[in-house]
Amino acid sequence: MTRLSVEVLAADAAEPITSAGHAQLGIAVLAGIAVIVLLITKFKLHAFLSLTIGSLALGAFAGAPLDKVITSFSTGLGSTVAGVGVLIALGAILGKMLADSGGADQIVDTILDRASGRSMPWAMVLIASVIGLPLFFEVGVVLLIPVVLMVAKRGNYSLMRIGIPALAGLSVMHGLVPPHPGPLIAIDAVGANLGVTLALGVLVAIPTVVIAGPLFSRYAARWVDVPAPERMIPQRPSEDLEKRPGFGATLATILLPVVLMLAKALVDIVIDDPENTVQRVFDVVGSPLIALLAAVLVGIFTLGMPAGFSRERISQLVEKGLAPIAGILLIVGAGGGFKQTLIDTGVGRMVLDISEDWSIPALLLAWLIAVAIRLATGSATVATVSAAGLVAPLAADMSTTHAALLVLAIGAGSLFFSHVNDAGFWLVKEYFGLNVGQTIKTWSVMETIISVVAGALVLLLSLII
């Protein structure tokens, strides 16, 4: 979604904002975010309702007419769901198909058969990164935890030595690499090129996951030495299946959308002629919608049918894959509404002015804003959509590569120091049988390392390209 030309709320939005305007808008932003944080953390209200109420509060504190605030919020919500919602739905279907067909287990078992000893943490990173491409973070955790616990128990490995690399692989994919919802939302908000963002995201992700995964896990295993909890080893999805898809076919299906999107980005760079037939073809097949749709359709033949699924079961699988993402779509949509309210009240312009007056690099500012919202709300998604809305105007004069780096800076900041207000914190704590202190020393520190390393790499790349 490009930035929308909807009705401007602030009466003087086209004029430079005065210091008084800055002050009022600054208070409005703080008040709106405070309302969201308070509703999520104190009153445990769903993030969709919290973002909706926070958007209305922002408009009210900014002095905008309420009817125009509602129009702005609705426009942003609709546009975001239209731009990102279908992609999230297709990703959810592909992830469900991958899990239920046994394709994920096939990849896990194949890689583990070829790994042992010192290479095991690296194998876990590889598994999590591949499996994590089409899956939401929580789904990936639930899918990989049985593998982590079984490997740690059977191989007599430290749980943290195996678990941290797997979690790092999932988290880095979640924050930096589309087609995950977070990066897609930010790409949508700032108008970045998806193919370029994907390529740079992979470039940043590789050293980040190495440092936060296998390397950090050595220290995490010393700090927290706990056995794999027996009670938390659940049944794997494919244990009830008589057959499952092959490794090559599964891997090809997962990587298909990534290859198509990267091919489009490469063709755009090499040819750079919108009228060229080859470029026009790749612009279609490499668009996120077509790339993910192709992966889902191919997955029916490479994942569903080899597992022995009937047409009826595949249809039911698609339906079950869509059901859990209703809440995610609403949160993403409300985040888009909040973003549009920020822009239309003139907050984006204010951030642009502040970045110029204070001489703060745009990428660092985006990272800091995402960090602040992440710490306050505990939600990487809320941090991403809110930060993207605030810094979107900064991308107006950026090159294609720097707009992509802006997306990655937001994604990196949204992962900073997960703690007790983050659902992921408790998910990891319970599955690994840790106490709060142990979870902070392992999971929270790992998330912080990912955020800082990825943020530093983004800033470094901005100086080179």
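Quantities reported herein were computed from a predicted structural model and do not represent experimental measurements.
- Between Phe43 and Leu38, some side-chain heavy-atom pair lies under the 4.5 Å cut-off.
- When all heavy atoms are compared, the tightest approach of Leu364 to Leu459 is N-CD2, 4.0 Å.
- Within the 3.5 Å criterion, the main-chain N or O of Glu447 finds no donor-acceptor partner in the side chain of Ser451.
- For Ala307, the side chain to side chain contact (heavy atoms under 4.5 Å, CB included) partners two or more places apart in sequence, or in a different chain, are Ser101, Pro245, Phe309.
- For the pair Leu415 and His174, the minimum side-chain heavy-atom distance is below 4.5 Å.
- Between Leu260 and Phe282, every side-chain heavy-atom pair lies at or beyond the 4.5 Å cut-off.
- Residue Leu434 comes nearest to Thr442 through the heavy atom pair CD1-OG1, 3.9 Å, listed as atom of the first residue, atom of the second, then distance.
- Side-chain contact annotation: Arg374 with Ser414, donor-acceptor N/O pair under 3.5 Å absent.
- The closest donor-acceptor contact from the side chain of Arg161 to the backbone of Pro214 lies under 3.5 Å.
- In plain terms, the two heavy atoms of Ala89 and Leu322 that are nearest each other are CB-CD2, 3.7 Å.
- Side chain of His402 to main chain of Ala395: no donor-acceptor pair is present (N/O by atom type, distance under 3.5 Å, no hydrogens or angles).
- A salt bridge (charged side-chain N to carboxylate O under 4.0 Å, His left out) check over residues 324-338, counting only residues at least two apart or in different chains, returns nothing.
- Identified under the ring pair (Phe, Tyr, Trp, His ring centres under 6.0 Å) test for residues 361-383, with sequence neighbours left out: Trp367-Phe416.
- Side chain of Ser287 to backbone of Val284: a donor-acceptor contact under 3.5 angstrom is found.
- Smallest separation of non-hydrogen atoms from Thr197 and Ala192: OG1-CB, 3.9 Å.
- Between the side chain of Ser171 and the backbone N or O of Leu167, no donor-acceptor pair lies under 3.5 Å.
- Here the closest non-hydrogen pair linking Gly54 and Ile36 is CA-CG1, 3.7 Å.
- Checked by atom type and distance alone, the side chain of His419 never pairs as donor or acceptor with a backbone atom of Ser444 at under 3.5 Å.
- Counting heavy-atom neighbours within 6.0 Å of Asp397 CG, excluding the residue itself, gives a total of 12 or less.
- Across all their heavy atoms, Ile373 and Ser386 have their closest contact at CD1-CB, 3.4 Å.
- Using a 4.5 Å heavy-atom threshold, the side chains of Thr253 and Leu94 count as touching.
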